[in-house]
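A short write-up of the structure that comes next.
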Number of protein chains: 2
Amino acid sequence: MKATIRDVAKLAGVSVATVSRVMNQKGYVNSETEQKVNKAMKQLKFEPNQMARGLAGKRTKTIALILPDISNPFFPGLARGVEDIAQYNGYTVILCNSDDMGVKERSYIEVLKKKYIDGIIFATNNLVREDLERMEEAQIPFVMLDRAPNMESGCVIKVDNFGGAKAAVEHMLDVGCKKIAHVYGPQELTTAKDRLAGYEEVAKQQPWYTPTLMIPGNFTIDGGVKAVEALLGKHPDVDGIFAGNDLMAVGVLKGLKHRGISVPGQVAVCGFDGVNLTEITEPELSTIAQPIYQIGELAANKLIERINLSSTHYETVELGVSLIVRESTQKS
Amino acid sequence: MKATIRDVAKLAGVSVATVSRVMNQKGYVNSETEQKVNKAMKQLKFEPNQMARGLAGKRTKTIALILPDISNPFFPGLARGVEDIAQYNGYTVILCNSDDMGVKERSYIEVLKKKYIDGIIFATNNLVREDLERMEEAQIPFVMLDRAPNMESGCVIKVDNFGGAKAAVEHMLDVGCKKIAHVYGPQELTTAKDRLAGYEEVAKQQPWYTPTLMIPGNFTIDGGVKAVEALLGKHPDVDGIFAGNDLMAVGVLKGLKHRGISVPGQVAVCGFDGVNLTEITEPELSTIAQPIYQIGELAANKLIERINLSSTHYETVELGVSLIVRESTQKS
DNA sequence: AACTTATGTGTAACCGGTTACCAAAAAGAA
DNA sequence: TTCTTTTTGGTAACCGGTTACACATAAGTT
């Protein structure tokens, strides 16, 4: 039925080793022989069995992307970046949703190990040091997104959350806000923590600064809605809200709308992430955009680089973010 | 390093065949022997190498999901449904973005074949009959989404696009619309075609019906925006627009906003699909919701069923859609 | 001419499972 | 007691590649 390397060898009148050498461009092969082999491969429509290759050579040309939830609007773009680069380099990507649960992540790692995956990209935050160490032992290259760099190996890709948050608050001051609140995400996440820190850095310099202007929002739309309630109770006079991510910013918009407060007229709103949905809200949301797609690309590129070089040295890359000004902060 | 089946056999004092039998619960094994083997497996932390299993047994416990673009808001939910079911059944899913290009899809199929994937879910529409036939020959089970059923094998999952479109138009008539336009998607897609047909079915009965009320919109936000321009030129008096999908509905909303036309006051708008972003527009969008997540689940379940039964008979399942009424059609 | 070194190709073991086939012991039937 | 039939378990081939090692020639050095 399907041609094997031995069929090709027989047809070309050479040994399997030679065929293998031709396929993989490895070792010495006389160019005439090579022609013969190539012709035989064409003729038999030979397709090397990846399974067999994997077994013998320990390479599967498959990587995995573990993320919390592909339904979260932040991740499709990232996944797309990863997939495009993977595809370009002949890799295939396995998608894993962990719902941000450590157990699920660990169980995925086990499965992936058994499948001899070549490497893993973690867009999650629940693995403890120990888990990562086990990855190293198992010699599985990996890259992490938005992690605190407390390892001696592995690659971490992050964006300038601190700087981005500062830029957001400064921008809001620029457009004339006199009292800016911050709705922050889960503090176990470095991203959320850094953004909060960025807010505080700038806010602390302001006369209106007070800790109760910082409200938890859980990184969800609903969290944003609730945060507005909580906030307006204590500070009916806020005129700017910086949300720790776009989802919460959308929630904030909803909450304000519900209260009959106009945006940006009475309150300016700024998000963080730059997901597509910031363009379809009314008003459109100003936001600190992360280069989401590029992060995916970079992660995949770094991973593939590590796979090829079987290098494991610690490395961290920080990408910049950019302020995108839209209607939600046009106070003038 | 890693324990193999032979290590286990040696430790348990049995043969590899017995170990394999225990692992796979196949053939006769004395329960005492089984205990011994299980103990040995525990002790050595034996993890069967999936690669080897695949090579020998032709099963990889991996399925693929080929879709146009995971960044399109319709697909993350679908992918999530697929992944959840796959995961539950011990399968792993490979994600492939085809950008709706036949070439890419075909090239993916080739790659996936080489990787001995167990089955494929197509959420795309560019494969010709010939391609599908080749899949059958290769004995790869597959299920398709929203395809015209012109095959004698394969599983097709679809939703009631025709009925949904009718329901949308009827709903708009109910709320008092006197002239309803339709922005339709690419007619190569059965989904778009069926929705257009559904619109026509109801609209034709109305005194205001005229073909120029049907405008192409390309299934994109921008297409929706442009469609509004085109439409308002010819029919400044429309008071209802039914968009063939939510993305275009969002575009329509944007276009109307730009023209200073109020929704739903002057014009009611209804979308189709039920993607999340319909909840964050202003006003929130009424839409015909597809059970997106469930479609993914069903597709995965059907595929796995086919893999297990190696059945190939033609089958088509149609799911219902539901009208979700939100602000954009509350004319009263 | 004698000795290296580079080039070209084949043999066979190996990766780690699955399974067809065979043999022996235990249980049941005649 | 003897002859099936059912259990139980081992041997070894096989899946389809990769690659260490051996061997033969050609080319380059002294």
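These values consider heavy atoms only, across backbone and side chains, with no hydrogens, waters or symmetry-generated copies. Throughout, protein chains are lettered first and strands after them, A, B, ... in sequence-line order, and every chain is numbered starting at 1. Keep in mind that what you see is a predicted model, and the values were worked out from it rather than measured.
- Of the charged side-chain nitrogens involved, none lies within less than 4.0 Å of a carboxylate oxygen, so that A:Glu110 and A:Lys114 do not count as a salt-bridged pair.
- Comparing D:dT11, C:dT11, C:dT9 against the side chain of B:Ser15 picks out D:dT11 as the nearest.
- Side-chain N/O atoms of A:Tyr28 include one lying less than 4.0 angstrom from OP1 or OP2 on C:dT7.
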Heavy atoms under 4.0 Å is the rule here; annotate nucleotides 22-27 of chain C 5' to 3' with B where the base is hit, S where only the sugar-phosphate is, and - elsewhere.
------

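- Remark: B:Thr18 is in phosphate contact with D:dG10, judged by side-chain N or O atoms under 4.0 Å from OP1 or OP2.
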What are the atom names and distances for every N/O pair under 3.5 Å that joins the protein to nucleotides 15-17 of chain C?
from, atom 1, to, atom 2, distance (Å)
C:dC15, O3', A:Lys58, NZ, 3.3
C:dG17, OP2, B:Ile5, N, 2.6
C:dG17, N7, B:Arg6, NH2, 2.6
C:dG17, O6, B:Arg6, NH2, 2.8

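- For the residue pair A:Thr60 and A:Asp118, a side-chain donor N or O sits within less than 3.5 Å of a side-chain acceptor on the partner.
- Residue B:Lys26 places at least one side-chain N or O closer than 4.0 Å to OP1 or OP2 of C:dT19.
- Inspection of the B:Asn24 and B:Arg53 side chains reveals an N or O donor paired with an N or O acceptor under 3.5 Å.
- Defining each end axis of the helix from C:dA1-D:dT30 to C:dA30-D:dT1 as the rotation carrying four pairs' C1' atoms onto the next four, with five pairs an end, the two axes are found to diverge by 40° to 10 degrees.
- When distances run from any side-chain atom of B:Arg21 to the nucleotides C:dT11, C:dC21, C:dT9, the shortest one goes to C:dC21.
- When the P atom of D:dT18 is taken as reference, atom CD of A:Gln25 falls 12 Å away, rounded to whole Å.
- For B:Lys61, the NZ atom sits in a packed shell: over 12 heavy atoms of surrounding residues, nucleotides or ligands are nearer than 6.0 Å.
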